[in-house]
Amino acid sequence: MRTLRVVIAKPGLDGHDRGAKVIARALRDAGMEVIYTGLRQTPEQIVTAALQEDADVIGLSILSGAHNHIVPRLMERLAAKGLSDVLVLIGGIIPDVDVPKLKEIGVKGIFLPGTPMQEIIDFINTHARARA
Amino acid sequence: MKTAAETEKQRWERETLAPALEQAPERLESFTTISGHPIDRLYSADDPGAVRDLSGPGVFPYTRGIHATGYRGKLWTLRQFAGFGAPEDTNARYKALLAAGGTGLSVAFDLPTLMGRDPDHELSLGEVGKCGVNITSLADMEALFDDISLEDITTSMTINSPAAMIFAMYLVVAEQQGADWTRLSGTIQNDILKEFIAQKEYIYPPRPSMRLITDVFAFCGTQVPRWNTISVSGYHIREAGSTAIQELAFTIRDGIEYVQWGVDAGLDVDQFVPRMSFFFNAHSDFFEEIAKYRAARTLWAQAMRHRFAARNERSWKLRFHSQTAGVSLTARQPHNNVVRTALQALSAVIGGTNSLHTNSLDEALALPTAEAATLALRTQQIIAHESGVVGDVDPFGGSYFVEALTKQMEGGATAYFDQIDRLGGMVTAIEQGFPQREVAESSYRFQRSLERKEKVIVGVNDFVQEHDPTIEILYLDDTTASRQLARLDALKARRDRTRVARALDDLRRTARTRENLMTPILEAVRAYATLGEMCDALRDVWGEYEETPII
């Protein structure tokens, strides 16, 4: 099985990238291939990156409260490109009431502040399947 | 047997400590601050820096404080940062905060405003009114301060890349109220360097961004002399994961960089430096924070006096706001955050903060509810009126530990100053990614220490409960964006289009010259040009900055 490929992305206007960078490095140290998109990516740009990089996993870092707008659009674009099997995860500040809605549209894991890195690594190793 | 060369401390180590350690070893091999800075078990008169010749508070270099009477004369300003939704929503919150005994306002803007984008821009999707209040034009600023007299309050505005434009809107609202600009007082953050280092809300490349800032310095010197033209901020650097020494070093070195650019732009040090203010984090390591504030005052005073030959005492005095550490708040067991915040606030007060914001217990989950924000304000009031720590100006002055730690902070910061000077200054260091790399490294190191449980966060990596208590959180509906979009359309329909176009052209033209940008910005604001339009005009001339991400 080839190495898992993970795109870490910061959608929206927010620049607080501590979490995105720490998780990118932790996943890399755990043996994954990590591509960090940098700041201010539209859903379209993230899907393009996932396609180009042949990603198995997309990790979104969202702290600004814009998830209800950004994530549905991203999921639609992913489906349109035939990438529905990519494991989509969110890390950041997500109110409890939004969690079921996000899971319903296909987000597999939502990680709040304080989640141990190992928990995320284990989650990915359990749920992601390297694309053939 | 005591030899001639043995100090009191060495004797104690031999006679008392050694047998104690033999009986029972210490819990950890080494003790460090939350920044990973090593701490000895005991400091005594013999330790480097533990005993220093301290001048009194109000006397250069102000290690013990900038005011002779500390909080006996005047308490710090209880300034709670707030903003959400549309301007009228935040206006109501401000009125409530003032009624509850808040003594200053502090505006939190949403991301579109911080990034100079109108609500109809593609990247504003889902962000309008979320992290703060949305201000698109002068009309919104009028609604934000409706029925609040700007001459009677002080206002702090956390705005950086578009600081000049937002400040111009505030000035025009004051003008409409009949207020005299020379009597206005408050602060704009206006600190772009820490945006490049940490918070990443930059628009233009570093050099033109610096020009906007020195233009504000020059403008305020003559027009708004009581305004704090900048709040040089370590807060965000710390939140991004730096150590206390890095926060201190990069912030003071940023301050030095602004002074250098001001001097290079032909300004008089003793005219603009007294209007510079600072903003530090109040993090969880109690003594390290107190030492950091004391070191900050000392380093700034020395830099202004010796590096820039400032002669005005007000140029030497570092005034600072502080805010408790947002990053320390946990989503698990959220009530614990009240305790964290109280301890952090206490360190800022003992360290001599001039103004303070205390975070609310629910902020790892959402923007605070009104109840949570009130409790945060009450935390400050309890420190001010019940704890008794305000009676003495510098309660830890002369403590062997705090003095030694203060000296170590100064030493660590000075080493960074030398390194940054060798790189050619802070702007160059940022262009080369130096402070960004240092912060990323510390942030990862801290995360690893949490994973290994070398550092404990109660309720997160230890003392975890299966079921955390749930708390009520503020849930913002999505009507803000549609309300602001409708307003924007109405504004565009009623304003004088020719006047707007002319003002924006003049802004572009001025950007290509060395004339002060505040003049065309004020005219564009009066013409009801939107923030996005003004920022775009400068994007046309200067372009946008894109960083190379460092992991």
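A quick note: this is a predicted structure, and the numbers were derived from the prediction, not measured.
Shown here is B/Glu472, whose CD atom has no more than 12 heavy atoms of other residues, nucleotides or ligands within 6.0 Å. In this structure, A/Lys101 places its NZ atom where more than 12 heavy-atom neighbours from other residues, nucleotides or ligands lie under 6.0 Å away.
Contact detail for A/Arg40 and B/Glu201: the closest heavy-atom pair is NH2-CA, 3.7 Å. Closest heavy-atom contact between B/Ala331 and A/Pro113: CB-O, 4.1 Å. Scanning all heavy atoms of the two residues, the minimum distance from A/Leu39 to B/Tyr202 falls at CD1-OH, 3.6 Å. Between A/Gly38 and B/Pro549 the shortest heavy-atom distance is CA-CG, 4.0 Å. In terms of heavy-atom proximity, A/Ile93 sits nearest to B/Leu365 at CG2-O, 3.1 Å. Across all non-hydrogen atoms, the minimal contact from B/Tyr444 to A/Val22 is CE1-O, 3.8 Å.
The shortest distance between side-chain heavy atoms of A/Arg73 and B/Leu125 falls below 4.5 Å. You'll find the side chain of B/Glu451 reaches within 4.5 Å of the side chain of A/Gln118, heavy atoms only.
The OG1 atom of A/Thr42 sits 5.5 Å away from the CD atom of B/Glu122 when rounded to the nearest 0.5 Å. With rounding to the nearest 0.5 Å, the separation of OG1 in B/Thr330 from CG in A/Leu112 is 11.0 Å.
Of the two parts of B/Ser124, the backbone and the side chain both hold a non-hydrogen atom closer than 4.5 Å to a non-hydrogen atom of chain A. Only the side chain of B/Ile473 comes within less than 4.5 Å of a heavy atom in chain A; its backbone stays farther off. Contacts of A/Asp14 with chain B are made by both backbone and side-chain atoms, with heavy-atom separations under 4.5 Å. Residue contact with chain A, scored on non-hydrogen atoms closer than 4.5 Å, involves the backbone and the side chain of B/Gln199 alike. Interface remark: B/Val327 contributes side-chain atoms only to the contact with chain A (heavy atom separation under 4.5 Å). With a threshold of 4.5 angstrom between heavy atoms, A/Ala20 does not approach chain B through any atom at all. At a 4.5 Å heavy-atom cutoff, the contact between A/Val97 and chain B is made by side-chain atoms alone. Contacts of B/Ser443 with chain A are made by both backbone and side-chain atoms, with heavy-atom separations under 4.5 Å. Using a 4.5 Å cut-off between heavy atoms, B/Glu195 makes no contact with chain A at all.
The choice from B/Arg117, B/Glu547, B/Gln447 that makes the most heavy-atom pairs within less than 4.5 Å of chain A is B/Gln447. With chain A as the partner, the residue from B/Glu546, B/Glu441, B/Arg332, B/His236 showing the most heavy-atom pairs under 4.5 Å is B/Glu441. When A/Asp29, A/Asp96, A/Thr37 are compared by the number of non-hydrogen pairs under 4.5 Å with chain B, A/Asp29 comes out ahead. Most heavy-atom pairs under 4.5 Å with chain A: of the set B/Ala364, B/Cys131, B/Ala240, this distinction falls to B/Ala240. Looking only at heavy-atom pairs under 4.5 Å with chain B, the residue among A/Gly114, A/Gly19, A/Pro95 that has the most is A/Pro95. Here A/Arg25 is the residue among A/His16, A/Arg25, A/His69 with the most heavy-atom pairs under 4.5 Å with chain B. By number of non-hydrogen pairs under 4.5 angstrom with chain B, the leading residue of A/Asp98, A/Ile8, A/Asn68 is A/Asp98.
Annotation: residues 456-467 of chain B contacts chain A through B/Val460 [non-hydrogen atoms, separation under 4.5 Å].
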Next on the checklist: Set out, in order, the CA-CA distance, both residues' side-chain angles and the distance that settles side chain to side chain contact (heavy atoms under 4.5 Å, CB included) for A/Ser64 and B/Lys130, then state yes or no.
Outcome noted: CA-CA 7 Å; A/Ser64 69; B/Lys130 279 279 162 61; 5.7 Å; no

